[in-house]
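Okay, so here's the structure we're looking at.
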Amino acid sequence: MACVSPDIVLIRSRLLAWYDAHARSLPWRAAVGAARTEPYRVWLSEVMLQQTTVPHATPYFHAFTTRWPTVSDLAAAEDAEVMGAWAGLGYYARARNLLACARAVAGEHGGVFPDTEAGLLALPGVGAYTAAAVASIAFDRAANVVDGNVERVMARLFAVETPVPAARPELRRLAGLFVTDERPGDWAQALMDLGATVCRPKSPSCGACPVASECLGLASGDPARFPLKTKKADRPHRRGTAYVLVDDQGRIAVETRPDKGLLGGMLGLPTSDWTTDAPSGAAPIDADWCEAGAIEHVFTHFSLTLTVMTARGEADGLWRWMPVEAARAALPTVFAKALDRATVEPDLFS
DNA sequence: TAGGCGTGGGG
DNA sequence: TCCCCAAGCCT
């Protein structure tokens, strides 16, 4: 009864038929039967969706496409505008590369995206996945689109026992078995929709899966076991201090962080180093500092306890001073939390 | 190449 | 509460 080997052709036809009936309606996706989505919108959505959920990315997609309707509009934007608009979405190197890519398209390609996988791959912030996704979805080119969803679907269909990340080359090879010139963009999106809605990481709904009969993982009795993973190291903890310095006009001291590294290129509060040991170092300026408490924040590779100090001060030339509402909107989440904590201090902004 | 790089939601 | 994780890319 259980299949011995997944039938590639059968899986393709079943999954494309399932996609025709069950494709998700997403803001960056053309309606069924409509013209293809513009490359700009495909690219923008793909970058926003890197390691990011659809609900989180969606309002940002609307904000960006409203404010910058074309790639040339985006290319002409100020760095600080784009970084501020990205605040809260995370992985801020994406925003720096987004702008660099828009400017490359506007400046070196006449405002038109390259229409080949190789051409796309040469752009900043466009890796193997995004190049393949844009080539297939926007330009209808056959491409092997492999993201986390596709890896999971392949690992289950073929019951791959090698754990990731070691299994990645094999999972990519398996995904490549399905790539043809027939509806390449729909195939890529069908596979990702299946992974997102049916072949989910936890509790997959195999009863709703159009290719369950071909799945060796299901036949094994425990499809959720795939893909196997190697255990990752524990996350270290760091401590630091952030400073909220307020002048008599309700503005706060801020800085633009260096382009490289954590929160690179983003607006930030004055801060100590964040270290494994107890926080050390002097305040950025001499003032009557008051401790407003602490906030907890978790980054990808460490967690952080940030003590928040507040003081009134005079505007000077050492810091940039920004109205608190404007700063709040443009700060990455860790600093927005710290600022919110500071506002519990009575009279700080009065 | 393995590690740096955010955030918020769900089990 | 904690752990996992979501359409990766860069160095």
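Fair warning: this is a prediction, and the values are worked out from it, not measured in the lab. Per chain, numbering begins at 1; letters A, B, ... match sequence-line order.
Regarding Leu26(A), its CG atom lies at a distance of 17 Å from the P atom of dA6(C), rounded to whole Å. Atom CG of Leu49(A) is separated from atom C1' of dT7(B) by 14 Å (rounded to the nearest Å). As a whole-Å value, the separation of Tyr129(A) OH from dC10(C) C1' is 18 Å. The interatomic distance linking Leu123(A) (CG) with dC9(C) (C1') rounds to 13 Å, in whole Å. Rounded to an integer number of Å, the gap from CG of Leu304(A) to P of dT7(B) is 11 Å. The interatomic distance linking Arg235(A) (CZ) with dC3(C) (P) rounds to 8 Å, in whole Å. As rounded to whole Å, 9 Å separates atom P of dG8(C) from atom CD of Glu151(A). Atom CZ in Arg96(A) sits about 19 Å away from atom P in dG8(C), given to the nearest Å.
OP1 and OP2 of dG10(B) both lie 4.0 Å or more from every side-chain N or O belonging to Arg200(A).
Between Asp79(A) and Arg103(A) there is a salt bridge, since at least one side-chain N of the basic residue sits less than 4.0 Å from a carboxylate O of the acidic one. Remark: Glu161(A) engages Arg225(A) in a salt bridge, criterion side-chain N to carboxylate O under 4.0 Å.
Across all strands, Ala57(A) comes closer than 4.0 Å to no nucleic acid atom at all (heavy-atom distances). As judged by a 4.0 angstrom heavy-atom cut-off over every strand, Trp86(A) is placed among residues making no nucleic acid contact. Counting non-hydrogen atoms under 4.0 angstrom, Thr130(A) reaches the backbone sugars and phosphates but no base. Lys232(A) comes within 4.0 angstrom of sugar-phosphate atoms only, judged by non-hydrogen atoms across all strands, and of no base. Contact annotation for Val47(A): no contact, since no heavy-atom pair falls under 4.0 Å across all strands. At the heavy-atom level, Lys337(A) lies nowhere under 4.0 Å from the strands shown. Residue-level contact check: Gly195(A) touches neither bases nor backbone, having no heavy atom under 4.0 Å from any strand.
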Tabulate protein N/O versus nucleotide N/O from nucleotides 2-6 of chain B, keeping only pairs under 3.5 Å, one per line.
| residue | atom | partner | partner atom | Å |
| --- | --- | --- | --- | --- |
| dC5(B) | OP1 | Leu262(A) | N | 3.3 |
| dC5(B) | OP2 | His301(A) | NE2 | 2.3 |
| dG6(B) | OP1 | Tyr92(A) | N | 2.8 |
| dG6(B) | OP2 | Leu263(A) | N | 2.6 |
| dG6(B) | O4' | Tyr91(A) | N | 3.0 |
| dG6(B) | N7 | Tyr91(A) | OH | 3.4 |
| dG6(B) | N7 | Thr300(A) | OG1 | 2.5 |
| dG6(B) | O6 | Tyr91(A) | OH | 3.1 |
| dG6(B) | N1 | Gln51(A) | O | 2.9 |
| dG6(B) | N2 | Gln51(A) | O | 3.2 |
| dG6(B) | N2 | Thr52(A) | OG1 | 3.0 |

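Nucleotides dA6(C) and dC5(B), compared at atom C1', are 15 Å apart to the nearest Å. Rounded to whole Å, the P atom of dG6(B) lies 14 Å from the corresponding atom of dT11(C).
Side-chain N or O atoms of Thr37(A) include one that pairs as donor or acceptor with a backbone N or O of Ala30(A) at under 3.5 Å.
Heavy atoms of other residues, nucleotides or ligands lying less than 6.0 angstrom from CG of Asp222(A) number more than 12. Counted within 6.0 Å of CG on Asp181(A), heavy atoms from surrounding residues, nucleotides or ligands total 12 or fewer; the atom is thus considered open.
The nearest heavy atom of DNA chain C to Lys202(A) and to Ala196(A) marks one nucleotide each, and the one closer to the 5' end goes with Lys202(A). Comparing Val126(A) and Arg24(A) along DNA chain C, the residue whose closest nucleotide (by nearest heavy atom) sits nearer the 5' end is Arg24(A).
The aromatic rings of Trp289(A) and Tyr243(A) stand perpendicular to each other, their planes meeting at an angle above 60°, with 30° marking the opposite boundary.
Between Pro227(A) and Val160(A) the shortest side-chain heavy-atom distance does not fall below 4.5 Å.
No donor-acceptor contact under 3.5 angstrom links the side chains of Thr197(A) and Arg24(A), judged on distance only.
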